[in-house]
Structures are given as C-alpha cells and as structure tokens.
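Here the structure is laid out as structure tokens; the discussion comes afterwards.
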There are 2 protein chains.
Amino acid sequence: MRVLAVEDDPRIAADLKTALEAAGYRVETCADGLDAWFLGDTEDYDLVILDLGLPHMDGLSVLKKWRANGREMPVLVLTARGAWTERVEGIDAGADDYLPKPFRMEELVARARALIRRSAGRASASQSVGDLTLDTNRMSALIGGVPLSTTALEFRLLSYLMLHRDRVVPPTELLEHLYGDDDSREANALEAVIARLRRKLGPGVIGTRRGFGYFLEGDAA
Amino acid sequence: MRVLAVEDDPRIAADLKTALEAAGYRVETCADGLDAWFLGDTEDYDLVILDLGLPHMDGLSVLKKWRANGREMPVLVLTARGAWTERVEGIDAGADDYLPKPFRMEELVARARALIRRSAGRASASQSVGDLTLDTNRMSALIGGVPLSTTALEFRLLSYLMLHRDRVVPPTELLEHLYGDDDSREANALEAVIARLRRKLGPGVIGTRRGFGYFLEGDAA
DNA sequence: CGGGAGCTGTCAGCGTTTTGTCAGGTATGT
DNA sequence: ACATACCTGACAAAACGCTGACAGCTCCCG
C-alpha cells in the first residue's frame, strides 16, 4: 500500500512517515503544493494525507485539481483546530475524511486504515498466519477459529508481528512500537506480555529466535 | 440539479437564488409554507433549502409532512441563531443539515453541495445491528422492535456507531464527531452519554473493547 | 416573569482489568 | 559447564471505564 503524506512541517511529516510505516505502508512525503499536485496526478497512491497550508499551492486547490482530473484516491485532510469552514470546504473539494490538528498518531493511522479499506471496497481487514487470525477493525483475534480475548497491548503486539510476519522482529523494535520511545520500562515487560499471550494462544504461535527476536510461526515455517 | 429555496424574506431569497445559480444549480424559490409543501410533494428536487418561519404553514410542519409522505430529498434547514431546540426539532423532523442565520453564502453553497453529493450515494434510511434499529430520517430508534426515546446527542452517537458498525470506534473519534472540535469537554462526557444510553438500551448493545473504543454488538459476534 | 422539566457536562469515587516489576527458574549456545 | 538469554508466576500499582449525584443550561408553559 502506497501513501503520500503532504505536509510542510518537517517534524510532523517525519512523524507521519514513521507512524504510517510502522503500520505497514510505503510512505512518500512531500512538502510543497505544486509537487504534491504533480505526484498525486501522475502516481498511483492508495491514500493521500493532505495538509492544507502548503507552499506554492494550498491543499484545497491541489485536491480540487486532482478531482477535476478524475483522480479518485481517498484523501484525508488535516485541518486546523476548530476551523469548521475548512472542513466544509474540504468536503466540497472532495476530501474523504479530516482530522483536526493536533491529533494522535494512532488515530491518524486508524483513519488511514479505514479509508484505505473503504476504497478497497469491502476488503476484509483480517489477516492470518497459521492458526491465528487478526481483525484490526474489530480488534479481535481468533485462534483456530475460536475467539480469543486479548488486551489492547497484547493485540497491538500481535498486530505488529502479523504485519512483519516475514521476518524476526527484535525486542527493541517491539518495545519501541508498543511504548513509543518514552521507555522507562524494564526490558522484561515485553517478555511478560509475550508470556501472557503464549498462555492464551497455546504453543506454536509466537516463536523465539534466541538473540534476535520474535515471530509468528506457521506462515511458511 | 434542481434546488428549491423556501424563504419568505425576499432579500434573502434573492441572495440564495443568485448564489446557488452561480454554483450551477437550477433554483426555484417559494415564500409560502403551503406552496412549499405542495411543490416539495409534487416536484422532484435534489435539495430543498428551508427557512422555518413561513406564512400559512411553518417550515417544520412542511418538512414533517414531506417525510410522512415518503419524500426523501435532502433538506437544509435555516435556523435562527442559537436556537438549539430548533435544530433538534429540525433533525427530528427529518432535516439533513442546518445552518444558523445569519450565514455566509459561501458556506451555504458548500453545505448544499455536500448534501447533494451525500444524497447521491446514500442507501436505505433505516439500518439494524442486532436488536437495534435506527431510522436516520425519522431520528427514531427501536430496540427489539420497541420504540426508544433518545436525546439528540444519544442518537447521534448511535448513528455514528451504526455507520461504522464494522469496526471499533475510538473514543477520540466519537468525541470529535459529537462535539466538533470546540472541545472543552472532559473525556468523561462521552462515558456519561454511553452510560445513559446503556441504561435505556439494556445490555448487549453497546460493547466496549477496553483500550480501543466502542462498537455495536450483535452484528456478527 | 418564574417555576419546572429535560438534557448534558462535571466531578468524585469505585471496581475491575491490565500491566510493569521482581524473583527466581529453565533453556541454549559456546 | 557456564554465562547469557529468555520464561514464568505472583504481586502491587496504575490505568481504564463505569456510575450516581449534582449543577448549569435551555426551553417550555403557565
């Protein structure tokens, strides 16, 4: 999945890129209105995240031009807080959703996912590896077809492993994903979560590669 | 696209006509409640803009009569400033949007366009999940076939959950939807609404996924 | 104009669930 | 066999969400 993030504040842009990549998307960023317009017009994205205040051409104009050209990818607009007119103009210009700044990254990712899925037309949001199935929309997990109750933290851990099912994920990376970088946690916290999960899941789901990290078993053992 | 503007102040009516025609719509105006009712009942409009204070029959009554007759065109109601009850009654009577007077013409046009666009892609009026049925036109809720009286806020919450019934909706998103971004609310306000709703609905309707958000139960448990 | 009713946000406190930490234990690789 | 990496169960703190009471507000009705 390819995402274009148009945002001229370099810090926010970097955060966007990080968060969306963590969510498994391929992300390109762009800080200029004209560039954005060109990119959106010529490349195929599954989603565009569009800030309104941009150099050379403002976001709304960019969006309108895209739509006028028949470009129909979903666009999530970032609006200034409380600026309701912006939202109205946004709808009018063809935006699919908005998010007022400032926003929490998790929420942005959630919306992004929703938009992508909607546009994909009914593509189910669930993925499986071996006996394990995750539905990131319902935030529910199935193990061998049986519903499994997981806590938020556990579920996020599983999702992350699912997302990167093709490789072994190092503990440091998991820690960072689960807790942001505010780490004041002992490294052991992660092990505790894994242990609790394994008790629920049974054996043969979460594998360990000693010295490297964790992975989901059963994909292509 | 055909628009009916019902407004008894000739100056505002003229402005409406001008603005909407500039936006590319075919506009008919009408200054009388009874005439409006007749027109809306017999002609096919893509949008009606409806002032509430009208001679011979007030706007709300007109709207209710239309809806009772199964007329489902989108209606944008013009309300007096700050008259919150009017807005509630408006929604209740089947309005799709409202605009407090005085308003800027650009905003009216933007909303009008949004409504027309939305109506182009809208499905049926009533939807169900489990025991809960919502009729968005009449703003009525049924629980197990029994009518349920909900407040405007409660109903909006339910509608939003219904709209996104395929996923778990995070509290932040609900807050934003319910209150716009004027937030000076405590996060707890949402919980209060949920609690009140649950008391009315009984158990097994609104579910919580701790750490993620709320959802309507019974869809495909 | 005043009382009353309905709606809704705030607050404080509660119970539950979640989760980090600790103190050992067990496996693994060299 | 030894050190290191990882696992586990128990515990306590913290987070989270729920609830009931209350007060402010608006609107309605006399």
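Just so we're on the same page: letters track the sequence lines, and every chain starts at 1. As a basis for the values below, the full set of heavy atoms in this structure was taken, side chains included, without hydrogen atoms, waters or symmetry mates.
Between A/Y179 and C/dT19 there is no side-chain polar atom (N or O) within less than 4.0 angstrom of OP1 or OP2. For B/T208, a side-chain nitrogen or oxygen approaches OP1 or OP2 of D/dC18 to under 4.0 Å. For A/Y214, a side-chain nitrogen or oxygen approaches OP1 or OP2 of D/dC7 to under 4.0 Å. An OP1 or OP2 oxygen of C/dT8 is reached within less than 4.0 angstrom by a side-chain nitrogen or oxygen of B/T151.
One can place CD1 of B/I194 at 10 Å from C1' of D/dG17, the figure rounded to the nearest angstrom. For the pair B/L190 CG and D/dC16 P, the interatomic distance rounds to 15 Å; values are reported in whole Å. Separating the CG atom of B/L175 from the P atom of C/dT8 is a distance of 15 Å, rounded to the nearest angstrom. The nearest whole Å value for the distance from the CZ atom in A/F215 to the C1' atom in D/dC6 is 14 Å. The interatomic distance linking B/L197 (CG) with D/dG17 (P) rounds to 17 Å, in whole Å. Rounded to a whole Å, the CD1 atom of B/I206 is 15 Å from the P atom of D/dG17. Rounded to a whole Å, the CD atom of A/E191 is 13 Å from the C1' atom of C/dT26. Rounding to whole angstrom units, CD of residue B/E186 and P of D/dG17 are separated by 15 Å.
Counting heavy-atom neighbours within 6.0 Å of A/R167 CZ, excluding the residue itself, gives a total above 12.
Here the rule is side-chain contact (heavy atoms from CB on, under 4.5 Å) with B/L50, and of B/L76, B/L63, B/L78 only B/L63 fits it.
Each of D/dC18, C/dG9, D/dC7 was ranked by its minimum atom distance to the side chain of A/N188; first place goes to D/dC7. Side-chain atoms of B/R198 lie closest to D/dC18 of the nucleotides C/dG20, C/dG9, D/dC18. Taking the side chain of B/R199 as heavy atoms from C-beta on, and the options D/dG20, C/dG9, D/dC18, the nearest nucleotide is D/dG20. Closest to the A/R210 side chain, of the nucleotides C/dG20, D/dC6, D/dA5, is D/dA5.
Between A/V193 and B/A192, it is B/A192 whose nearest contact on DNA chain C lies nearer the 5' terminus. Nearest-nucleotide mapping onto DNA chain D: of A/P171 and B/A195, the residue sitting toward the 5' end is A/P171.
Between A/Y25 and A/L47, every side-chain heavy-atom pair lies at or beyond the 4.5 Å cut-off. The shortest side-chain heavy-atom distance between B/Y45 and B/L39 falls under the 4.5 Å cut-off. A 4.5 Å side-chain heavy-atom check between B/V27 and B/L16 finds every atom pair outside the cut-off.
Residue contacts shown for B/R196 include a base, since a base heavy atom lies under 4.0 Å away.
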